[in-house]
Number of protein chains: 2
Amino acid sequence: MSTAGTRQEQKERTREAILSSALTLAQEHGFAQISLRQVARHAGVVPTAFYRHFQSMDELGLALVEQSFDTLRQMIRDAQRDPDVFANIIDAAAEVLVDTVKQYKAHFAFVARERFGGSDAVRGAIRHELDLFVSELAVVLARLPNIERWRSEDVQMVSRLFVRNMVYNAEEVVEMPDNRPDLEERIKEGARRQMRLIVLGFEKWES
Amino acid sequence: MSTAGTRQEQKERTREAILSSALTLAQEHGFAQISLRQVARHAGVVPTAFYRHFQSMDELGLALVEQSFDTLRQMIRDAQRDPDVFANIIDAAAEVLVDTVKQYKAHFAFVARERFGGSDAVRGAIRHELDLFVSELAVVLARLPNIERWRSEDVQMVSRLFVRNMVYNAEEVVEMPDNRPDLEERIKEGARRQMRLIVLGFEKWES
DNA sequence: CCAATCAGTGAACACCCGTACACTGAAAGT
DNA sequence: ACTTTCAGTGTACGGGTGTTCACTGATTGG
């Protein structure tokens, strides 16, 4: 039997060193351009030890996709608990988005970059997770006043529109230099205005 | 003196072989992952000959950015000449977008990928060109009925919203498998609906 | 016709890559 | 106490990389 043997603990620690090393290095030049040896070196481990944890860089990439979308889902869960969200969905959403992306920059940068630049496997996984996310958001949107009676395809469409803009805004935050609260506020303000414009269209939408 | 000496002609032909080889190879795995030697090999030229045309892969990348945005600008110019555009801006825009992207897939794929995945130089160049493009579109939008009186920041904001969606729709066309007119129609329909929703918001927009 | 130019050649270099293999030594199981 | 397990080691390999250098030979211009 085993409770928390030092054995597995150490292995887990190394695994996480590899994951976070990969994430750090990927921030500089993109995950697709970093090598197994670079990751191992940064994690303080010999290249061959890498294989005790991942069969290939692709497998590492998939693990990072999973990790990244976990923080994305956490963001949504937190946002829904926030009482401000009911008072003013748009302002709260802009706030939460910018703050969370700033906090977990590496994860969002990873998704933004590898969404198009990564290997087939990584790209496919990200695409799939984003599609899931669109559907989840559609469920939330379907409960909003003006949208209740829409055809489900239209709800999906508007959900895609929101997710696209979320992705795009996240990209801007990721590219933003540190310590520039003015830029941060501009991005928030832009996000708010875009969402407001889209919501204005809701009332008059038909077919 | 020289008019069109066979000398320069041949050089130009090689240069274009290198450019188109790079574009072709980049479509498979992304420009950032292909090597100078691969490009030279595909162009039927020895690696060292590459340097007669470009100082580095980065310089090649910048040339491809230029080439790609030339076709993008051509798309806009053609669209403005099309009489249908005045009859129904939205349907025409969706049509032109999907058709042009399909025709120049390699260029749009290049921009979509390297917009985030490329080297600093390439990424910066694409970002700059896209910003220019947003401003150009804003000038066109500012002449539309409901928008005439808007503050210029709001016009820019809505222009960004359109360009973002254009980029995102282009990405979908690029990822679309060939010979799937059903998918193509779905993307067009989605683009039309999103644009219509946004335009609906125009009338009620204030501040 | 002859000298200069210069796009493209081919060999050589030092380097980094992924992976195979036999290994070590401490923790885990009995 | 002993054996087994297995995370991490160290060496070695074949192969792809960017860049250097001296070169060749057809086109060019006088």
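Order of the sequence lines fixes the chain letters, A, B, ..., with proteins taken first and strands second; residue numbering starts at 1 for each chain. What you see is a predicted model, and the numbers here were worked out from it, not measured in a lab.
- Taking every side-chain heavy atom of B/R7 into account, C/dT5 is the closest of C/dT5, D/dT17, C/dT19.
- Each of D/dA7, D/dG8, D/dT17 was ranked by its minimum atom distance to the side chain of B/R37; first place goes to D/dT17.
- Salt bridge A/E189/A/R193: present, at least one basic N to carboxylate O contact under 4.0 Å.
- The distance from atom CD of B/Q8 to atom P of C/dG8 is 12 Å, rounded to the nearest whole Å.
- Between B/E12 atom CD and D/dT27 atom P the separation is 18 Å, expressed in whole Å.
- Atom CD in A/E9 sits roughly 13 Å away from atom P in D/dG8 (whole-Å rounding).
- Using a 4.0 Å cut-off between charged side-chain N and carboxylate O, A/E172 and B/R127 make no salt bridge.
- Aromatic rings from A/F116 and B/F116 are positioned such that their centres are separated by 6.0 Å or more.
- At whole-Å resolution of the value, CD in A/Q55 and C1' in D/dA7 are 16 Å apart.
- Between the CE atom of B/M57 and the C1' atom of D/dT19 there is a distance of 14 Å, given to the nearest Å.
- Put simply, CZ on A/R13 is 17 Å from C1' on D/dC6, counting in whole angstrom units.
- Side chain to side chain, A/D78 and A/Q74 meet the donor-acceptor criterion of an N or O pair below 3.5 Å.
- Counting non-hydrogen atoms under 4.0 angstrom, A/S56 reaches nothing in the nucleic acid.
- In this structure, A/Q38 reaches the C/dC17 phosphate: one of its side-chain N or O atoms is under 4.0 Å from OP1 or OP2.
- For B/E16 and B/R13, the salt-bridge test fails: no basic side-chain N is under 4.0 Å from an acidic carboxylate O.
- Using a 4.0 Å cut-off between a side-chain N of Lys or Arg and a carboxylate O of Asp or Glu, B/K188 and B/D99 qualify as a salt bridge.
- In this entry the distance linking CD1 of A/I18 with C1' of D/dA7 reads 11 Å, nearest Å.
- Using a cut-off of 4.0 Å between Lys/Arg side-chain N and Asp/Glu carboxylate O, B/R186 and A/E153 are scored as not salt-bridged.
- For DNA chain C, the stems formed by at least three consecutive Watson-Crick or G-U pairs, with both atom-pair distances below 3.5 Å, span C:5-16 with D:15-26, C:18-30 with D:1-13.
- One atom, NZ of B/K11, and another, P of D/dT28, lie 14 Å apart when rounded to the nearest Å.
- Under 4.0 Å is where a charged nitrogen must lie from a carboxylate oxygen, and between A/R115 and A/E171 at least one such pair does.
- In this pair, A/W150 and A/F202 present their aromatic rings perpendicular. The plane angle is above 60°, beyond the 30 to 60° band.
- Near DNA chain D, meaning a heavy atom under 4.0 Å from it, residues 40-54 of chain A has A/V45, A/V46, A/T48, A/A49, A/R52, A/H53 in order of number.
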